[in-house]
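Numbers here simply count residues along the sequence, with the first being 1.
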Amino acid sequence: MKITPHQCRAARGLLSISQQDLAKMANVGLSTVRSFENEKSTPITNNIQAIQTALENAGVNFIDNGVILSNNNK
């Protein structure tokens, strides 16, 4: 499942992290996160996967039309 910009923003909100925090966690550029969330561009597959993995590792689960916090989130 490939995440959407809306899911990315929602996941950051659930985790209370900034775009800059997410960029660091995913090892991608801040402009990559900003452009994706603002729907100005679609990052390359590796970058989207890195963003998704970083958010999942932080405790977010992606579902069909949204996001939820993992039961294991601390």
Min side-chain heavy-atom separation [X]-[Y] under 4.5 Å:
{"X": "C8", "Y": "I51", "answer": "yes"}
{"X": "R34", "Y": "K40", "answer": "no"}
{"X": "I17", "Y": "L55", "answer": "yes"}

To the nearest 0.5 Å, how far apart are [atom1] in [X] and [atom2] in [Y]?
{"X": "N47", "Y": "T42", "atom1": "CG", "atom2": "OG1", "result": "11.5 Å"}
{"X": "E39", "Y": "T4", "atom1": "CD", "atom2": "OG1", "result": "8.0 Å"}
{"X": "N46", "Y": "Q49", "atom1": "CG", "atom2": "CD", "result": "8.5 Å"}
{"X": "D21", "Y": "L30", "atom1": "CG", "atom2": "CG", "result": "10.0 Å"}

N/O donor-acceptor pair under 3.5 Å between [X] side chain and [Y] backbone:
{"X": "Q7", "Y": "I63", "answer": "yes"}
{"X": "N57", "Y": "A54", "answer": "no"}
{"X": "E37", "Y": "P5", "answer": "no"}

Do other residues, nucleotides or ligands put more than 12 heavy atoms under 6.0 Å from R9 CZ?
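Correct, the count exceeds 12.
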If you apply the rule side chain to side chain contact (heavy atoms under 4.5 Å, CB included), what do you find for L69 with V60, and how did you get there?
CA-CA 5 Å; L69 282 176; V60 170; 4.3 Å; yes
Specify the closest pair of heavy atoms between I48 and F36, including all atoms of both residues, with the distance to one decimal.
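In terms of heavy atoms, the two residues are closest at CD1-CE1, 4.2 Å.
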